[in-house]
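Working notes, structure below.
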Amino acid sequence: MQKNGTVIVLLGPPGAGKGTQADRLSSALGIPTISTGEMLRQECRSGSPLGAQVEKLLNSGQLVKDELIQEVVAQRLAQPDCSEGCILDGFPRTAVQARFLDQLLNSLNFDGPAVIDLTIAPEELIARLSSRRQCPVCSRTFHCVEGMSTFCPHDGSDLIIRADDQPATIRRRLQIYSENTSEIVRFYQHRRYHRVNATHSVEDITQKVLRVLGTNLDRTKDSKPPVPASQRLWAQIS
Ligand code: AP5
């Protein structure tokens, strides 16, 4: 039986540019992004009891439980707009999640994922995250330097600093990332696994990723708008 489209996993530490590249790849390839961090932040903003619990974990830099995030990803991946594939930004983050993803993709008639591991030095990450601002309405992120407007150019909202972009929380997130990453890399490294240097310009990195994925670059010329991310699936699982 013919397989469904390709699922792309973006790995990389906090601030490597997973979200930035996920949006660009979504536009270039016409497939949706599933950003687990963004879905969790949406739940926090909803003010639900589950959101309140999740918010404490996010603000302290901890991961949420595997079972919870796996359930969310399983429901989202089963939606019709993912049938041509999707980009997973922030999932899997543990070896347990990686094994779960393999089983899930198999059950949904996908091949194993194409994995892009964005690599970058920790000093650069801290600089990037300290300068990041996010629009609370459209969730777009911006790299802010002195003198730059603090309003979202798309909807005029006041840009905010993400609660987990405080220096102590950044350090905690980097530590958790390094504790989990070697096992995930071991899990994927003999499969469709590609390391991409994430210190280049945003555009260069996108082009490099599309090249290693073997995608015809001409598709980017007729790039489509990003496929809107979901998605409140929480009500169904909480
Ligand atoms: P999540 O939102 O996924 O956070 P993260 O992995 O820590 O990654 P970030 O969003 O901080 O960075 P990014 O790599 O997307 O970089 P970005 O493109 O923004 O998760 C948040 C939390 O949710 C987790 O800590 C955890 O608690 C929970 N969670 C999520 N998934 C989970 C899971 N599967 N299991 C359990 N818990 C989970 O770029 C960063 C900045 O750099 C931006 O300002 C950007 O403009 C700039 N930038 C990007 N690329 C470049 C470039 N090439 N050059 C210069 N600047 C650049």
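Source: prediction; values computed, not measured. All ligand and atom numbering here is 1-based and tracks the order in the structure.
Among protein residues, Pro13, Pro14, Gly15, Ala16, Gly17, Lys18, Gly19, Thr20, Thr36, Gly37, Leu40, Arg41, Leu58, Gln62, Leu63, Val64, Ile69, Gly90, Phe91, Arg93, Gln97, Arg128, Leu129, Arg132, Phe142, His143, Arg162, Asp164, Arg173, His200, Ser201, Val202, Ile205 come within 4.0 Å of ligand 1, judged on heavy atoms.
When side chains are defined from C-beta on, Ile126 counts as touching Ile170, because their heavy atoms get closer than 4.5 Å.
There is a side-chain donor-acceptor pair under 3.5 Å between Glu38 and Gln134. For the residue pair Arg186/Tyr188, the side-chain donor-acceptor check at 3.5 Å is not satisfied. Side-chain contact annotation: Thr141 with Arg132, donor-acceptor N/O pair under 3.5 Å absent.
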Show the atom names and distances, to 0.1 Å, of all donor-acceptor pairs under 3.5 Å that link a side chain in residues 53-63 to residues at least two apart or in another chain.
unit_1 : atom_1 : unit_2 : atom_2 : d
Ser60  : OG     : Lys56  : O      : 3.1
Ser60  : OG     : Leu57  : O      : 3.0

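One N or O on the side chain of Ser26 and one on the backbone of Ile31 form a donor-acceptor pair closer than 3.5 Å.
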